[in-house]
Amino acid sequence: MLSLRNRLTRLPREARDTLFLLAVIAWVVLPHINRLPLWCSALAGCMLLWRCWLAIAGRPLPNRWWLVALLVAAVAATVMSHRTLIGSASGTTLIVALLALKTLEMRARRDAFVLFFLGFFAMLTHFLHSQSLPVATAMLLALLGLLTCLINAHRPVGQPSLLQSALLAGKMTLLGAPIMLALFILFPRFAPLWGLPNDALVGWSGLSSSMQVGNLAELALDEGIAFRIKFDGVPPAQRDLYFRGPVLSRFDGREWRMNDDVFILAQLRQKLAPDVQVQGTPVSYEVTLEVSNRPWLFVMDVAPESPQLPTGQSASLTADLQWLRGRPVTDVLRYRVTSYPDFRYGVAEHGRFDASAFLRLPAGFNPRTLELAAQMKRQHGDDAQALVGAALERLRTGGYGYTLEPGVYGRETADEFWFDTKAGFCEHIASAFVILMRAAGVPARIVTGYQGGDMNPVDNYWTVRQADAHAWAEVWLADRGWVRVDPTGAVAPGRTGQFQRLRAPDGLMAGAIANLSPTALAQLRALWEAANNHWNQWVLNYTQTRQLDLLRNLGFERPTWQDLLKLMAALIAAAGAIGVTWVMWERRQHNPWLRLLARTRHQLARSGIQVPLNAPPRALAEQVSAHTNLPEAARQSLAQWLLALERLRYAPPGAARENLATLQRQLVPIVRALRRAT
């Protein structure tokens with residue numbers, strides 16, 4: 001490592017600056033790797049390594065025809081990979097390819113500027129895919145790196161040091177931070193913030209409109225956050241935290257699905273009085289829902305009134321008491337809800353309830369489960385409550401287990417659970433229970449969602465993870481309507497009572513930290529998630545509603561987005577006035593004679609006459625007179641002017657201002673003559 005460092009320090013300054021720029025570009029491209037086609041990642045890596053080798057070895061850049069050929073190949077590969085050049089995915093691929101190829105064409109300062117601004121654009125494309133705190137932090141470092149490179153490009157080669165340019169870049173960022181903050185707070189928000197379709201969300205995990213026996217176990221391995229909750233008062237017990245998601249009624253033998261008409265009936269149901277009877281103390285809370293690319297709004301059972309969504313958004317209630325937003329959730333979404341844990345639903349449907357849809361089973365599946373249901377009916381008759389109790393007693397006493405690895409289930413999923421494996425995750429247990437209930441003549445269905453959660457002691461938000469995904473059952477009883485039955489609680493009471501959910505084993509690093517200190521890993525995780533939550537609350541979820549609330553707090557009675565623009569313009573004008581005032585004051589603090597001398601030195605340097613910074617006007621006049629590359633007339637006029645400037649230094653105070661203004665006017669034609677001569 002030491003020899004490599006010595007070798008790098010012996011490189012020319014221009015080569016080291018190039019290597020720094022390439023490192024910054026690699027940092028910009030790196031977070032895109034998992035979203036780029038394999039060929040694009042390989043192309044970017046090879047081009048950057050090639051350019052590094054050229055800089056270290058001092059070799060010339062490749063012929064332009066090589067670049068043209070690679071450009072055509074990159075465009076063709078982009079079209080073949082994405083079938084289009086329009087869209088965030090294909091656009092990102094093409095930008096990364098162009099950025100990598102442009103590094104091989106830095107022959108002039110103009111090429112470097114093009115590369116810088118391509119880097120800035122590539123940096124912004126990250127926010128089309130993710131606006132998380134880690135991405136924002138990484139791009140802030142990329143911004144500082146690109147600004148450092150941009151400052152270097154505007155300075156003489158080798159001067160000043162890279163560290164000084166980096167410090168200046170940091171200073172520029174800090175100076176621009178107040179303007180950035182004002183624009184963030186006041187610039188009108190129009191949802192969605194990003195105008196391009198978020199096609200990168202297709203692969204996001206979470207609950208869906210169907211459940212194949214075994215797929216919820218995959219979510220149990222995902223420690224990602226589904227949503228966060230802030231309760232207004234004392235939160236309910238963990239065993240009561242059931243957050244309702246898709247309700248599944250159709251079964252084809254292997255997969256459970258929602259009713260086809262659930263979305264159509266949502267609008268109609270919204271206009272009718274829901275068949276819900278609530279009692280007891282309501283629970284009010286705020287939900288911060290992470291991106292899911294699905295329309296589900298998760299609420300505690302049960303929320304008869306619509307969640308309070310941001311301005312311009314609405315939700316509809318389905319016949320299954322599930323709330324749906326009008327469009328998928330593609331941004332962090334915050335809404336307020338009031339739920340009633342003590343409720344009855346479906347009682348008024350007695351006498352007109354159509355049970356056929358909730359008794360239907362596919363023919364030719366699970367014959368042993370059908371026989372078990374027949375035995376239970378012979379013992380308990382048509383008493384639905386007794387049949388439910390018998391099934392739960394069998395789960396409690398029959399040696400059934402709760403596990404993430406129940407083995408491979410075949411075609412007869414219910415038969416295998418009840419008689420063979422006797423082990424499963426929540427969806428195995430719920431599916432087998434609902435099939436048994438339907439076979440016994442008890443209307444039943446599956447409800448998916450999330451159960452439980454844990455409170456973050458840092459910010460007091462409750463965190464519900466994908467690993468908390470759960471499936472339970474609902475049965476319809478003639479005198480009680482739809483009743484929640486969680487068969488998993490009969491197999492593993494700790495899952496819903498003490499919230500002892502199954503977890504995937506910790507990774508190597510997490511396991512090492514946990515072995516050293518059992519609480520350290522939990523504390524680090526809580527701190528990180530609290531930081532992410534603050535980022536979500538105050539940055540990603542800073543909506544137009546919160547902007548208008550800010551204006552109300554400032555005294556606006558009926559604020560609009562036009563008021564935001566007016567206030568922003570007023571702040572910018574005030575900042576400009578303060579800046580102008582400071583510049584004028586700062587100029588008054590410096591001697592005008594010294595400013596004119598510094599301006600003269602600058603003009604001489606532009607004309608090719610390098611002079612020491614501490615040289616007085618007489619020494620400058622001598623150097624100008626000795627500079628034979630300039631015409632005689634230009635040399636004489638400039639030398640005489642410099643001597644006049646020196647005499648002015650010792651002039652009486654009363655005449656200094658008038659004579660200084662005269663010298664300033666005389667300098668203009670002299671400078672023009674110098675420029676023509678050079």
Sequence-distant partners of Phe251, ring-ring contact (aromatic ring centres under 6.0 Å, His included), two or more places apart =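 Here the qualifying residues are Trp256.
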
With [X], which residues qualify under salt bridge (charged side-chain N to carboxylate O under 4.0 Å, His left out), at least two apart?
X	answer
Asp232	Arg336
Arg368	Asp415, Asp420
Arg325	none
Lys230	none

Aromatic ring pairing Tyr450/Phe227, orientation class (parallel under 30°, perpendicular over 60°, tilted between) =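 Tyr450 vs Phe227 ring planes: perpendicular.
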
Can you confirm whether [X] sits close enough to [Y] that some side-chain heavy atom of one is under 4.5 Å from a side-chain heavy atom of the other?
X	Y	answer
His470	Thr488	yes
Pro310	Leu333	yes
Phe243	Val464	yes

What do the steps show when you test Ser306 against Trp323 for side-chain hydrogen bond (donor to acceptor under 3.5 Å, both in side chains), and what is the final call?
-> CA-CA 8 Å; Ser306 174; Trp323 286 100; over 6 Å; no

Looking only at heavy atoms, what is the nearest atom pair of Phe343 and Tyr340, with distance?
->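 In this case the closest contact between Phe343 and Tyr340 is CD2-O, 3.4 Å.
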
Tell me yes or no: between the side chains of Thr338 and Tyr285, is some donor less than 3.5 Å from an acceptor?
->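 Tyr285 and Thr338 do not have a side-chain donor-acceptor pair below 3.5 Å.
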
Does the side chain of His32 pick up a donor-acceptor pair with the side chain of Thr125 at under 3.5 Å?
->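 Yes, because at least one side-chain N or O of His32 sits under 3.5 Å from a partner of the opposite role on Thr125.
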
Go through the structure and list residues passing side-chain hydrogen bond (donor to acceptor under 3.5 Å, both in side chains) with [X], not counting sequence neighbours.
X	answer
Arg254	none
Thr93	His82
Arg396	Glu393

Using the salt bridge (Lys or Arg N to Asp or Glu O under 4.0 Å) rule, collect all pairs that involve residues 428-439, keeping only residues at least two apart or in two chains.
->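 Residue pairs with at least one partner in residues 428-439: there are none.
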
Sort and list the pairs that fulfil salt bridge (Lys or Arg N to Asp or Glu O under 4.0 Å) and have at least one residue in residues 296-312, not counting sequence neighbours.
->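 Applying salt bridge (Lys or Arg N to Asp or Glu O under 4.0 Å) to every pair that reaches into residues 296-312, excluding sequence neighbours, yields Arg244-Asp301, Asp301-Arg484.
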
Should Glu371 and Lys377 count as an ion pair when the cut-off is N to O under 4.0 Å?
->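 The answer is no: the pair does not qualify as a salt bridge.
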
Test side chain to side chain contact (heavy atoms under 4.5 Å, CB included) applied to Phe365 - qualifying residues, sequence neighbours left out |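 If we apply the side chain to side chain contact (heavy atoms under 4.5 Å, CB included) test to Phe365, skipping adjacent residues, the hits are Pro362, Arg411, Glu412.
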
All side chain to side chain contact (heavy atoms under 4.5 Å, CB included) counterparts of Ala414, not counting sequence neighbours =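 So Ala414 forms a side chain to side chain contact (heavy atoms under 4.5 Å, CB included) with Asn366, Thr369, Trp418, Ala432, Ile435.
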
Run the numbers on Trp476 and Phe358 for ring-ring contact (aromatic ring centres under 6.0 Å, His included), then give the verdict.
-> CA-CA 9 Å; Trp476 192 82; Phe358 306 101; 9.2 Å; no

Can you check whether Gln322's main-chain N or O pairs, donor with acceptor, with Asp320's side chain at less than 3.5 Å?
->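 Judged by distance alone, no pair lies under 3.5 Å.
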
